[in-house]
Amino acid sequence: MATINRGAVTTPFVPAAATGGVRAPALIVKGRAASDGAGVKLYRVIGGPSLPDLDPFLMLDEFRSDKGADYIAGFPDHPHRGFETVTYMLAGRMRHGDNQGNTGLLRSGSVQWMTAGRGIVHSEMPEQEDGLMWGFQLWVNLPAKDKMTAPRYQDIEPEAIPQATPPGGATVRVIAGEVAGKHGPVTAVATEPTYLDVAVPPGARFEHALPEPHAGFVYVFDGALAVGGETVRRGELAVLGPGKRVVLSAGGEAGRAILVAGKPLNEPIAKYGPFVMNTEMEIVQAIRDYQAGKF
Ligand code: CO
(Lines give C-alpha, C1' and ligand atoms only; values in the text may rest on other atoms or scores of the structure.)
Protein backbone atom coordinates (compact mmCIF):
# COMPACT_ATOMS: atom_id res chain seq x y z
CA MET A 1 0.00 0.00 0.00
CA ALA A 2 1.94 3.00 -1.28
CA THR A 3 0.01 5.64 0.62
CA ILE A 4 1.23 4.56 4.06
CA ASN A 5 3.24 7.27 5.72
CA ARG A 6 5.43 6.05 8.57
CA GLY A 7 6.83 8.96 10.48
CA ALA A 8 6.08 12.51 11.41
CA VAL A 9 2.73 13.98 10.54
CA THR A 10 1.71 17.57 11.04
CA THR A 11 -1.82 17.60 9.67
CA PRO A 12 -4.68 16.26 11.77
CA PHE A 13 -6.48 13.19 10.51
CA VAL A 14 -9.71 13.91 8.66
CA PRO A 15 -11.87 10.94 7.71
CA ALA A 16 -12.25 10.96 3.95
CA ALA A 17 -15.45 10.30 2.07
CA ALA A 18 -16.90 6.84 2.40
CA THR A 19 -15.31 4.37 0.05
CA GLY A 20 -16.77 1.24 1.59
CA GLY A 21 -14.81 -1.82 2.41
CA VAL A 22 -11.99 -2.31 4.85
CA ARG A 23 -10.45 0.59 6.75
CA ALA A 24 -6.74 0.34 5.96
CA PRO A 25 -4.22 2.40 7.96
CA ALA A 26 -3.98 6.00 6.74
CA LEU A 27 -0.89 6.38 8.87
CA ILE A 28 1.21 4.23 11.21
CA VAL A 29 3.08 6.03 13.99
CA LYS A 30 5.28 5.17 16.94
CA GLY A 31 5.06 7.01 20.25
CA ARG A 32 7.94 8.33 22.26
CA ALA A 33 9.14 8.26 25.83
CA ALA A 34 7.68 10.96 28.05
CA SER A 35 7.22 11.74 31.72
CA ASP A 36 4.14 13.10 33.47
CA GLY A 37 2.64 13.54 36.90
CA ALA A 38 5.42 13.58 39.51
CA GLY A 39 7.79 11.75 37.15
CA VAL A 40 5.97 8.67 35.89
CA LYS A 41 7.69 7.22 32.85
CA LEU A 42 5.35 6.56 29.97
CA TYR A 43 5.09 6.16 26.22
CA ARG A 44 3.05 8.90 24.49
CA VAL A 45 1.42 7.80 21.25
CA ILE A 46 -1.27 10.45 20.68
CA GLY A 47 -0.45 13.97 21.83
CA GLY A 48 3.22 13.86 20.83
CA PRO A 49 5.00 15.07 17.70
CA SER A 50 4.13 12.07 15.52
CA LEU A 51 0.37 12.43 16.09
CA PRO A 52 -0.59 15.68 17.89
CA ASP A 53 -4.25 14.69 18.05
CA LEU A 54 -6.86 12.52 16.40
CA ASP A 55 -10.19 14.29 16.91
CA PRO A 56 -11.93 13.49 19.28
CA PHE A 57 -8.87 11.86 20.93
CA LEU A 58 -6.38 14.28 22.48
CA MET A 59 -3.85 11.96 24.07
CA LEU A 60 -2.95 8.29 24.46
CA ASP A 61 -0.28 7.20 26.94
CA GLU A 62 0.86 3.66 27.66
CA PHE A 63 2.55 3.13 31.02
CA ARG A 64 4.37 -0.16 31.44
CA SER A 65 7.10 -0.91 33.92
CA ASP A 66 8.00 -3.48 36.55
CA LYS A 67 10.40 -1.05 38.22
CA GLY A 68 8.75 0.84 41.06
CA ALA A 69 11.02 3.84 40.50
CA ASP A 70 9.36 4.40 37.12
CA TYR A 71 5.87 4.94 38.59
CA ILE A 72 6.02 5.25 42.38
CA ALA A 73 5.72 9.06 42.37
CA GLY A 74 2.31 8.74 40.70
CA PHE A 75 0.06 11.61 39.69
CA PRO A 76 -0.53 13.79 42.78
CA ASP A 77 -3.38 16.34 42.89
CA HIS A 78 -3.95 17.98 39.52
CA PRO A 79 -6.99 19.56 37.80
CA HIS A 80 -8.89 18.73 34.61
CA ARG A 81 -11.58 20.69 32.75
CA GLY A 82 -13.33 20.27 29.42
CA PHE A 83 -12.71 16.63 28.49
CA GLU A 84 -12.69 13.00 29.68
CA THR A 85 -9.86 10.82 30.96
CA VAL A 86 -10.10 7.07 30.42
CA THR A 87 -7.81 4.78 32.39
CA TYR A 88 -7.59 1.10 31.46
CA MET A 89 -5.45 -1.02 33.76
CA LEU A 90 -3.87 -4.20 32.38
CA ALA A 91 -1.79 -4.89 35.49
CA GLY A 92 -1.21 -3.22 38.82
CA ARG A 93 -3.18 -1.18 41.32
CA MET A 94 -3.79 2.57 41.27
CA ARG A 95 -5.68 4.53 43.93
CA HIS A 96 -7.89 7.32 42.67
CA GLY A 97 -9.20 10.17 44.77
CA ASP A 98 -10.68 13.62 44.08
CA ASN A 99 -11.59 16.88 45.79
CA GLN A 100 -15.27 15.93 45.92
CA GLY A 101 -14.67 12.94 48.16
CA ASN A 102 -14.77 10.26 45.48
CA THR A 103 -12.22 7.49 45.86
CA GLY A 104 -11.64 4.14 44.24
CA LEU A 105 -9.10 1.46 43.44
CA LEU A 106 -8.25 0.80 39.81
CA ARG A 107 -6.99 -2.78 39.60
CA SER A 108 -5.94 -5.11 36.79
CA GLY A 109 -8.61 -5.26 34.12
CA SER A 110 -10.66 -2.31 35.36
CA VAL A 111 -11.61 0.89 33.57
CA GLN A 112 -12.33 4.36 34.83
CA TRP A 113 -14.12 6.67 32.39
CA MET A 114 -14.02 10.07 34.06
CA THR A 115 -15.89 13.03 32.61
CA ALA A 116 -14.07 16.01 34.09
CA GLY A 117 -16.62 18.48 32.71
CA ARG A 118 -16.46 21.84 34.50
CA GLY A 119 -13.65 20.66 36.70
CA ILE A 120 -12.21 18.22 39.20
CA VAL A 121 -8.94 18.03 41.10
CA HIS A 122 -7.79 14.46 41.50
CA SER A 123 -4.84 12.20 42.17
CA GLU A 124 -3.87 8.81 40.76
CA MET A 125 -1.31 7.10 42.98
CA PRO A 126 0.15 3.59 42.67
CA GLU A 127 -0.87 1.21 45.44
CA GLN A 128 2.22 -0.96 45.00
CA GLU A 129 5.94 -0.36 45.32
CA ASP A 130 7.13 -2.94 42.83
CA GLY A 131 5.77 -5.38 40.28
CA LEU A 132 4.25 -4.69 36.89
CA MET A 133 2.18 -1.54 36.38
CA TRP A 134 0.68 -1.55 32.90
CA GLY A 135 -2.15 0.30 31.28
CA PHE A 136 -3.36 3.21 29.22
CA GLN A 137 -4.70 6.68 29.68
CA LEU A 138 -6.74 8.11 26.84
CA TRP A 139 -8.05 11.69 26.74
CA VAL A 140 -11.36 12.12 24.94
CA ASN A 141 -12.58 15.59 24.06
CA LEU A 142 -16.03 16.89 25.00
CA PRO A 143 -18.20 18.95 22.65
CA ALA A 144 -18.54 22.66 23.51
CA LYS A 145 -22.03 22.11 24.90
CA ASP A 146 -20.76 19.55 27.45
CA LYS A 147 -17.47 21.10 28.55
CA MET A 148 -19.02 22.63 31.67
CA THR A 149 -21.18 19.63 32.55
CA ALA A 150 -21.10 18.16 36.07
CA PRO A 151 -18.21 15.72 36.64
CA ARG A 152 -19.14 12.06 36.26
CA TYR A 153 -17.39 8.76 36.92
CA GLN A 154 -17.97 5.42 35.33
CA ASP A 155 -15.86 3.05 37.42
CA ILE A 156 -15.99 -0.37 35.80
CA GLU A 157 -14.83 -3.44 37.71
CA PRO A 158 -13.03 -6.12 35.67
CA GLU A 159 -15.94 -8.55 36.09
CA ALA A 160 -18.33 -6.01 34.55
CA ILE A 161 -16.48 -5.94 31.24
CA PRO A 162 -17.99 -8.63 29.00
CA GLN A 163 -15.79 -10.91 26.94
CA ALA A 164 -16.97 -11.65 23.40
CA THR A 165 -15.78 -14.52 21.20
CA PRO A 166 -16.94 -13.56 17.70
CA PRO A 167 -16.38 -15.85 14.70
CA GLY A 168 -12.73 -15.86 13.59
CA GLY A 169 -11.08 -16.89 16.85
CA ALA A 170 -10.36 -13.56 18.58
CA THR A 171 -11.26 -12.77 22.18
CA VAL A 172 -12.56 -9.27 22.82
CA ARG A 173 -13.09 -7.38 26.07
CA VAL A 174 -15.87 -4.92 25.29
CA ILE A 175 -15.38 -1.68 27.24
CA ALA A 176 -17.52 0.53 24.99
CA GLY A 177 -19.47 -0.50 21.91
CA GLU A 178 -20.88 -3.89 20.94
CA VAL A 179 -19.32 -7.14 19.71
CA ALA A 180 -21.25 -10.35 19.00
CA GLY A 181 -24.18 -9.26 21.16
CA LYS A 182 -22.03 -8.18 24.13
CA HIS A 183 -22.41 -4.54 25.10
CA GLY A 184 -19.72 -2.53 26.82
CA PRO A 185 -20.65 -1.02 30.21
CA VAL A 186 -19.51 2.52 29.32
CA THR A 187 -22.54 4.47 28.14
CA ALA A 188 -23.86 7.95 27.37
CA VAL A 189 -20.59 9.45 26.20
CA ALA A 190 -20.93 12.35 23.74
CA THR A 191 -18.49 10.97 21.16
CA GLU A 192 -20.27 7.55 21.02
CA PRO A 193 -17.00 5.70 21.56
CA THR A 194 -15.90 2.20 20.70
CA TYR A 195 -13.20 0.85 23.04
CA LEU A 196 -12.23 -2.80 22.58
CA ASP A 197 -9.30 -4.88 23.86
CA VAL A 198 -8.77 -7.44 21.10
CA ALA A 199 -6.57 -10.54 21.50
CA VAL A 200 -5.93 -12.37 18.23
CA PRO A 201 -4.22 -15.80 18.40
CA PRO A 202 -1.96 -16.94 15.53
CA GLY A 203 -4.02 -17.52 12.39
CA ALA A 204 -7.13 -15.87 13.82
CA ARG A 205 -9.03 -12.83 12.58
CA PHE A 206 -11.37 -10.15 13.92
CA GLU A 207 -13.72 -8.11 11.81
CA HIS A 208 -15.71 -5.20 13.21
CA ALA A 209 -18.01 -2.60 11.68
CA LEU A 210 -17.46 1.01 12.68
CA PRO A 211 -19.62 4.04 11.84
CA GLU A 212 -18.05 5.55 8.73
CA PRO A 213 -17.67 9.12 10.05
CA HIS A 214 -15.90 7.93 13.22
CA ALA A 215 -12.18 8.50 13.61
CA GLY A 216 -10.45 5.39 14.89
CA PHE A 217 -7.15 3.79 15.70
CA VAL A 218 -5.59 0.43 16.50
CA TYR A 219 -2.74 0.49 19.02
CA VAL A 220 -0.84 -2.81 19.20
CA PHE A 221 0.51 -3.40 22.70
CA ASP A 222 1.63 -7.00 22.37
CA GLY A 223 2.96 -9.03 19.41
CA ALA A 224 1.93 -7.93 15.95
CA LEU A 225 -1.27 -7.68 13.91
CA ALA A 226 -2.20 -7.02 10.33
CA VAL A 227 -4.58 -4.04 10.21
CA GLY A 228 -6.35 -4.00 6.85
CA GLY A 229 -3.41 -6.01 5.50
CA GLU A 230 -0.62 -3.76 6.90
CA THR A 231 1.60 -5.15 9.64
CA VAL A 232 1.49 -3.13 12.87
CA ARG A 233 3.90 -4.10 15.65
CA ARG A 234 3.96 -3.60 19.40
CA GLY A 235 4.27 0.12 20.16
CA GLU A 236 2.80 1.22 16.83
CA LEU A 237 -0.55 2.91 16.27
CA ALA A 238 -2.49 2.66 13.03
CA VAL A 239 -4.83 5.56 12.25
CA LEU A 240 -7.76 4.03 10.40
CA GLY A 241 -8.55 5.35 6.95
CA PRO A 242 -12.06 5.52 5.48
CA GLY A 243 -14.30 2.51 5.14
CA LYS A 244 -17.03 0.51 6.82
CA ARG A 245 -15.14 -2.06 8.88
CA VAL A 246 -11.81 -2.86 10.44
CA VAL A 247 -10.09 -6.22 9.97
CA LEU A 248 -7.38 -7.40 12.37
CA SER A 249 -5.54 -10.64 11.72
CA ALA A 250 -2.58 -12.47 13.19
CA GLY A 251 -0.08 -14.49 11.21
CA GLY A 252 2.39 -16.77 12.97
CA GLU A 253 2.56 -14.50 16.00
CA ALA A 254 -0.33 -13.56 18.30
CA GLY A 255 -1.26 -9.89 18.64
CA ARG A 256 -3.21 -7.81 21.09
CA ALA A 257 -4.45 -4.27 20.55
CA ILE A 258 -6.91 -1.67 21.67
CA LEU A 259 -9.33 -0.65 18.94
CA VAL A 260 -10.77 2.77 19.72
CA ALA A 261 -13.10 4.95 17.64
CA GLY A 262 -15.37 7.94 18.17
CA LYS A 263 -17.26 10.76 16.53
CA PRO A 264 -15.02 13.70 15.58
CA LEU A 265 -16.13 17.01 17.07
CA ASN A 266 -14.73 19.35 14.38
CA GLU A 267 -14.61 22.20 16.90
CA PRO A 268 -11.74 24.58 17.69
CA ILE A 269 -9.39 23.37 20.43
CA ALA A 270 -7.68 25.64 22.95
CA LYS A 271 -5.42 23.54 25.17
CA TYR A 272 -3.32 24.41 28.17
CA GLY A 273 -2.00 21.44 30.15
CA PRO A 274 -4.97 19.77 31.84
CA PHE A 275 -7.55 22.25 30.45
CA VAL A 276 -9.05 21.67 27.00
CA MET A 277 -11.58 24.26 25.86
CA ASN A 278 -12.62 25.94 22.60
CA THR A 279 -11.18 29.45 23.07
CA GLU A 280 -8.24 31.15 24.77
CA MET A 281 -10.67 33.14 26.92
CA GLU A 282 -12.14 29.91 28.26
CA ILE A 283 -8.63 28.72 29.12
CA VAL A 284 -7.94 31.95 31.02
CA GLN A 285 -11.24 31.47 32.85
CA ALA A 286 -10.33 27.85 33.68
CA ILE A 287 -7.01 28.93 35.20
CA ARG A 288 -8.75 31.66 37.22
CA ASP A 289 -11.45 29.28 38.45
CA TYR A 290 -8.86 26.70 39.44
CA GLN A 291 -6.73 29.24 41.28
CA ALA A 292 -9.83 30.56 43.03
CA GLY A 293 -10.64 27.04 44.26
CA LYS A 294 -13.84 26.79 42.23
CA PHE A 295 -13.22 23.28 40.87
CO1 CO B 1 -5.68 13.16 35.79
Peer 1: Could you give the distance from CG (Leu237) to CZ (Phe217), rounded to the nearest 0.5 Å?
Peer 2: 6.0 Å
Peer 1: Who passes side-chain contact (heavy atoms from CB on, under 4.5 Å) against Gln285, sequence neighbours left out?
Peer 2: Arg288, Asp289
Peer 1: If the plane angle is over 60° it's perpendicular, under 30° parallel, otherwise tilted; pick one for Tyr43 and Tyr219.
Peer 2: tilted
Peer 1: Does atom CG of Asp130 have more than 12 heavy-atom neighbours from other groups under 6.0 Å away?
Peer 2: no
Peer 1: Nearest 0.5 Å please: distance from the CD1 atom of Ile46 over to the CG atom of Leu51.
Peer 2: 5.5 Å
Peer 1: Measure across His214 and Arg23 and return the closest heavy-atom pair with its distance rounded to 0.1 Å.
Peer 2: O-NH2, 2.7 Å
Peer 1: Parallel under 30°, tilted from 30 to 60°, perpendicular over 60°: which one fits the rings of His80 and His78?
Peer 2: perpendicular
Peer 1: Share the residues that join Leu105 in a hydrophobic cluster, the rule being Ile, Leu, Val, Met, Phe, Trp or Tyr side chains under 4.5 Å apart at the heavy-atom level.
Peer 2: none
Peer 1: Which atom names give the shortest non-hydrogen contact between Ala254 and Pro201, and what distance separates them?
Peer 2: CB-CA, 4.2 Å
Peer 1: From Glu124 CD over to Gln112 CD, what is the distance, rounded to the nearest 0.5 angstrom?
Peer 2: 7.0 Å
Peer 1: If you draw a 6.0 Å radius around CZ in Arg152, do more than 12 non-hydrogen atoms from other residues or ligands fall strictly inside?
Peer 2: yes
Peer 1: Which heavy atom in Thr85 sits nearest to a heavy atom in Phe83, and how many Å separate them?
Peer 2: CG2-CE1, 3.7 Å
Peer 1: Enter the distance from Asn278:CG to Ile269:CD1 here, rounded to the nearest 0.5 Å.
Peer 2: 8.5 Å
Peer 1: Could you grab the distance from atom CD of Glu84 to atom CG of Asp146, nearest 0.5 Å is fine?
Peer 2: 8.5 Å
Peer 1: Any chance you could measure Phe136, atom CZ, to Phe221, atom CZ, to the nearest 0.5 Å?
Peer 2: 4.5 Å
Peer 1: Counting only N and O atoms by type, is there a donor-acceptor contact under 3.5 Å from the side chain of Glu236 to the main-chain atoms of Arg233?
Peer 2: yes
Peer 1: Donor-acceptor pairs are to be reported for all side-chain atoms of residues 169-181 against protein atoms at under 3.5 Å, with residues two or more places apart or in another chain.
Peer 2:
from   : atom 1 : to     : atom 2 : distance (Å)
Arg173 : NH1    : Tyr88  : OH     : 2.9
Arg173 : NH1    : Gly109 : O      : 3.1
Arg173 : NH2    : Gly109 : O      : 3.2
Arg173 : NH2    : Pro158 : O      : 3.2
Glu178 : OE2    : Gly181 : N      : 2.7

Peer 1: Mind listing the closest non-hydrogen atom pair of Pro126 and Met94 along with its distance?
Peer 2: N-SD, 3.6 Å
